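Following: one structure in structure tokens, then a few remarks.
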Amino acid sequence: MAVFAAILIALLIAMHRAPHRETPDPRTMPPDALVGHERTARRWVFGASVLSAVLLITLLGADMLTDRSLSRLPVTDAVRIEMTAQQWWWEARYLDARGKPEFAVSSELHVPVGIPVIVSLTSTDVIHTFWVPSLHGKKDMLPGRSTQLVIQADKAGTYRGECAEFCGLEHALMAFNVSADPPDAYARWRAAQQAPALDPARDGSTGANVDARRGQALFLSSSCAQCHTVRGTSAAGSLGPDLTHVGGRAMLAAGTVANEPAKLAAWISDPQSLKPGATMPSSQLAPDDIRALVTYLGGLR
Ligand code: CUA
């Protein structure tokens, strides 16, 4: 921004001065004045070049130092996450201490503040790029190959991530959030994610619960269960995001829409209108059935 502003200011000064100044015609200038004129111009060009070079070298040095400290993060007791990019969403599998997947989330990651996180990156279809500008530089996610980066959030907060490699139609709608929580809040989140999904059949039978139970039955008997997993039920599909705790997420479809009942209903009935090209097919369910599904899924916190 500073460099951009400096260039614009220099340009504006030149534009303002040009019409007001009698520019001497070099053909009519005495030789001495011409030499002086050229010398001044050369000095300006030289000074500006040196300044640019110094700025660029300083930035390069800062970049290298940041890179070095990132690569030296201690990785013992690190949190391990396997990220798989797909057209156009993110699957994040959290691994236990022995490296076995414990649970999966999509597009909403949580990490503990001050603790390094090893993120393994891969892709199932085309090249995507993992990019959370406030935590690390970009890193490609390549089909059939696994790369790795180590991140560490020093401050609590939510860091936005984006896919930074054009990966098809919905590349622009491929976002995710990394929420950096204090360690105890992170531990609570992790324990909640490890638990299987809430089962509406086990609770009482209030009005909403009747809907949720009907929604669950629909979910398990329709095509939803062929693509999505809800741990604790028979739904174990792996093509789409794991929905075990989908009700607790802030956004749907990789940051496309807020996770509200109306948006969820719109997403289920016609995903193509919100995210054309998404692999989720439109459903042929009646509005009443969609409402039941939304109540069930919204309750999966
Ligand atoms: Cu994935 Cu762009």
Side-chain angles (χ1 to χ4, degrees), residues 63 66-67 70 79-95 101 103-111 117-153 157-180 193 224 226-229 237-246 248-260 263-264 266-268 270-282 297:
D63 185 40
T66 309
D67 239 16
L70 278 173
V79 173
R80 301 185 76 101
I81 303 175
E82 269 178 9
M83 284 283 278
T84 306
Q86 321 207 13
Q87 281 172 324
W88 291 272
W89 59 283
W90 312 82
E91 180 180 43
R93 275 190 299 269
Y94 281 69
L95 310 184
F103 60 90
V105 297
S106 70
S107 311
E108 267 170 56
L109 280 71
H110 285 246
V111 299
V117 180
I118 304 174
V119 191
S120 308
L121 306 171
T122 191
S123 159
T124 53
D125 34 48
V126 297
I127 301 175
H128 303 260
T129 293
F130 180 93
W131 191 35
V132 191
S134 301
L135 295 177
H136 204 286
K138 299 172 183 177
K139 188 107 180 179
D140 278 356
M141 306 172 84
L142 308 161
R145 272 228 259 162
S146 181
T147 48
Q148 212 175 61
L149 54 77
V150 183
I151 55 175
Q152 180 178 313
T158 302
Y159 302 93
R160 190 178 164 90
E162 288 275 354
C163 178
E165 174 84 25
F166 181 73
C167 54
L169 206 55
E170 294 302 341
H171 159 69
L173 290 180
M174 191 170 166
F176 63 105
N177 275 338
V178 180
S179 172
Q193 294 296 319
C224 308
Q226 287 162 21
C227 292
H228 295 283
T229 290
S238 59
L239 284 175
D242 184 310
L243 301 180
T244 307
H245 297 290
V246 67
R249 290 181 202 149
M251 303 291 284
L252 293 172
T256 305
V257 286
N259 189 4
E260 297 159 357
K263 296 275 167 50
L264 180 53
W267 175 252
I268 295 172
D270 189 11
Q272 302 302 318
S273 68
L274 293 170
K275 199 168 174 176
T279 46
M280 173 147 155
S282 304
L297 291 171

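The chain is numbered in sequence order, starting from 1. Just so it is clear, the model here is predicted, and its values are computed rather than measured. Read the numbers this way: they start at 1 and go in the same order the structure lists the ligands and their atoms.
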task = Show all protein N/O/S atoms under 2.8 Å from atom 1 (Cu) of ligand 1, or state that there are none.
result =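 Atoms qualifying: His128 ND1, Cys163 SG, Cys167 SG, Met174 SD.
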key: Electrostatic pair Arg93-Glu91, nearest N-O below 4.0 angstrom   =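 Salt bridge present between Arg93 and Glu91.
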Quick one, [X] and [Y] - any side-chain contact, counting heavy atoms below 4.5 Å?
{"X": "Trp131", "Y": "Glu165", "answer": "no"}
{"X": "Met141", "Y": "Thr147", "answer": "no"}
{"X": "Phe130", "Y": "His136", "answer": "no"}

ask   = Minimum heavy-atom separation for His171 to Cys163, with atom names?
value =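 Answer, listing the atom of His171 first, then Cys163: CE1-O, 3.1 Å.
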ask   = So, the side chain of Asn177 versus the backbone of Thr158: is there a donor-acceptor pair under 3.5 Å, distance only?
value =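 Between the backbone of Thr158 and the side chain of Asn177 there is no qualifying donor-acceptor contact (under 3.5 Å).
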